[in-house]
Structure formats: structure tokens, C-alpha cells
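Below: one structure, written as C-alpha cells.
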Amino acid sequence: QQYLAKVGVEVEIEEAPVASILEGMRECTMEASLFNWTYGDIDPDPFSTLHSDGGNNFACYKNPRMDELIEQGVQIADPEQRKPIYDEIQEIFVDEVPVLYLQIDDWVHMYSAKVKGVPEDALEGTYAFATAWQWSLEE
């Protein structure tokens, strides 16, 4: 509120139950919201957040070309074949800025050297835990 006031933006903060906030965001009745969103580590599919019919399209964003690309992307399993589609999605996103991400975290997970079978890349986050059943403990 204070920071936005410095640049001439008046903000009135209202608290509400999460269910009410989500309903307002999905129905496009809120002017703004500060919200935490996490895209999946395994699949970059942005359908729920960027498609016109996405269940979590909190920005109420509508772009027929974006919808078309997202629909194409979810039909292709091979990441290399999907890449040109997602590259164009990112170009549109950068040009139109349907939402503004204020922060992006890299969650680094650290493991004891005794734990075997974890992914080599410490930034794999959620995916690492999805493979926990394959881990073992060196004695």
C-alpha cells in the first residue's frame, strides 16, 4: 500500500476468506490480488492459468492465439516438439503481460550424501519428491 502510494496508486486492502478470494478471482470481480502461484516442475502446461477457459485464469486473460497454442501443446507428449509452441506462448506472454510475477523462487533441496537415488539437479523440487520411493539410504 505504501509503495504503490509513492507512484500514485491508491490501494484499499481487504481481508477475506480464501474461498471468497478464489471465487472473486475466478469470476473476474476483483481488481487485483497478490497471489502465490506455482507451475508444475514436471509439465509446463499453462492451461489452467492462461487459457480463456482455464479454471485458475485469475487474470481473466483472453487471447484466441494463446488458447490455440495451449490446446496444441497439451496434445504433444514430446518436449522437443512442444518447445516451439511454448516458445510462442512465452513471446505472447512477454508482449501482453497478462499477469505480473513479482518474485520467482528457486527452491533448493539439500540431501545427505547418504541418500542415494535423488535427482542430481537440486532445483528439481516437486519432481524430486515424486521419485522418493526410489531413494535409498546408504549405511
Side-chain angles (χ1 to χ4, degrees):
Q1 203 172 22
Q2 293 168 337
Y3 293 136
L4 290 171
K6 289 181 181 180
V7 294
V9 177
E10 185 180 327
V11 175
E12 184 178 323
I13 297 174
E14 295 180 26
E15 290 189 43
V18 172
S20 297
I21 293 170
L22 291 173
E23 181 181 343
M25 292 172 72
R26 288 186 178 117
E27 293 178 358
C28 304
T29 58
M30 295 183 71
E31 292 181 13
S33 176
L34 183 60
F35 198 82
N36 175 20
W37 190 257
T38 305
Y39 283 99
D41 290 337
I42 298 170
D43 190 341
D45 172 29
F47 189 98
S48 71
T49 56
L50 293 177
H51 192 281
S52 296
D53 296 328
N56 292 320
N57 181 2
F58 298 150
C60 302
Y61 178 65
K62 295 187 185 322
N63 177 317
R65 179 63 180 154
M66 181 70 82
D67 291 350
E68 180 184 327
L69 289 165
I70 290 170
E71 290 164 11
Q72 287 175 13
V74 298
Q75 294 179 33
I76 300 170
D78 179 16
E80 288 304 312
Q81 291 179 0
R82 290 172 101 182
K83 187 177 181 323
I85 293 167
Y86 288 117
D87 286 347
E88 188 174 343
I89 286 172
Q90 289 181 8
E91 288 174 19
I92 293 169
F93 187 95
V94 168
D95 288 341
E96 296 188 4
V97 191
V99 296
L100 182 60
Y101 294 111
L102 300 176
Q103 151 186 344
I104 296 179
D105 295 325
D106 279 334
W107 296 95
V108 178
H109 300 279
M110 302 178 77
Y111 307 93
S112 165
K114 292 180 180 181
V115 179
K116 302 300 177 193
V118 297
E120 290 183 24
D121 185 354
L123 296 177
E124 290 196 23
T126 305
Y127 176 73
F129 296 113
T131 63
W133 63 274
Q134 298 173 334
W135 303 355
S136 61
L137 187 60
E138 183 180 87
E139 305 214 17

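These figures come from a predicted structure and were not determined experimentally.
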Q | Contacts of type salt bridge (Lys or Arg N to Asp or Glu O under 4.0 Å), residue E71, not counting sequence neighbours | A | none
Q: With rounding to the nearest 0.5 Å, note down the distance linking CG in D67 to CG in L50.
A: 9.5 Å
Q: Could you pull out the closest heavy-atom pair between M30 and I21, with the gap in Å?
A: SD-O, 3.4 Å
Q | Rounded distance [0.5 Å steps], CD in Q81 versus CD in Q72 | A | 12.0 Å
(Q) Could you measure the distance from the CD atom of E96 to the CZ atom of R65? Nearest 0.5 Å is fine. (A) 12.0 Å
Using atom types as modelled, flag every donor-acceptor pair under 3.5 Å from a side chain in residues 4-18 to any protein atom, sequence neighbours excluded.
none

**Q.** Min side-chain heavy-atom separation N63-S52 under 4.5 Å
**A.** no
Q.
Can you see whether N57 engages T49 through a side-chain donor-acceptor pair at a distance of less than 3.5 angstrom?
A. no
(Q) Once rounded to the nearest 0.5 Å, what's the spacing between atom NZ of K114 and atom CG of L137? (A) 7.0 Å
**Q.** For K116, side chain to side chain donor-acceptor pair (under 3.5 Å) partners two or more places apart
**A.** none
(Q) If I compare all heavy atoms of P98 with all of A59, which pair ends up nearest, and what's the gap? (A) O-CB, 3.3 Å
Q: Grab the two heavy atoms, one from V115 and one from Y111, that are nearest each other, plus how far apart they are.
A: CB-CB, 4.5 Å
**Q.** Check against side chain to side chain contact (heavy atoms under 4.5 Å, CB included), V99 and F58
**A.** CA-CA 9 Å; V99 296; F58 298 150; over 6 Å; no
Q: Supply the atom-to-atom distance I76 CD1 to R82 CZ, rounded to the nearest 0.5 angstrom.
A: 7.5 Å
Q.
I'd like to know if E80 pairs up with K83 as an ion pair, taking the criterion as any Lys NZ or Arg NE/NH1/NH2 lying under 4.0 Å from an Asp or Glu carboxylate oxygen.
A. no
(Q) Just checking E138: does its CD atom have more than 12 heavy atoms from other residues, nucleotides or ligands closer to it than 6.0 angstrom? (A) yes
**Q.** Gap separating the CZ atom of F93 from the OH atom of Y61, nearest 0.5 angstrom
**A.** 8.5 Å
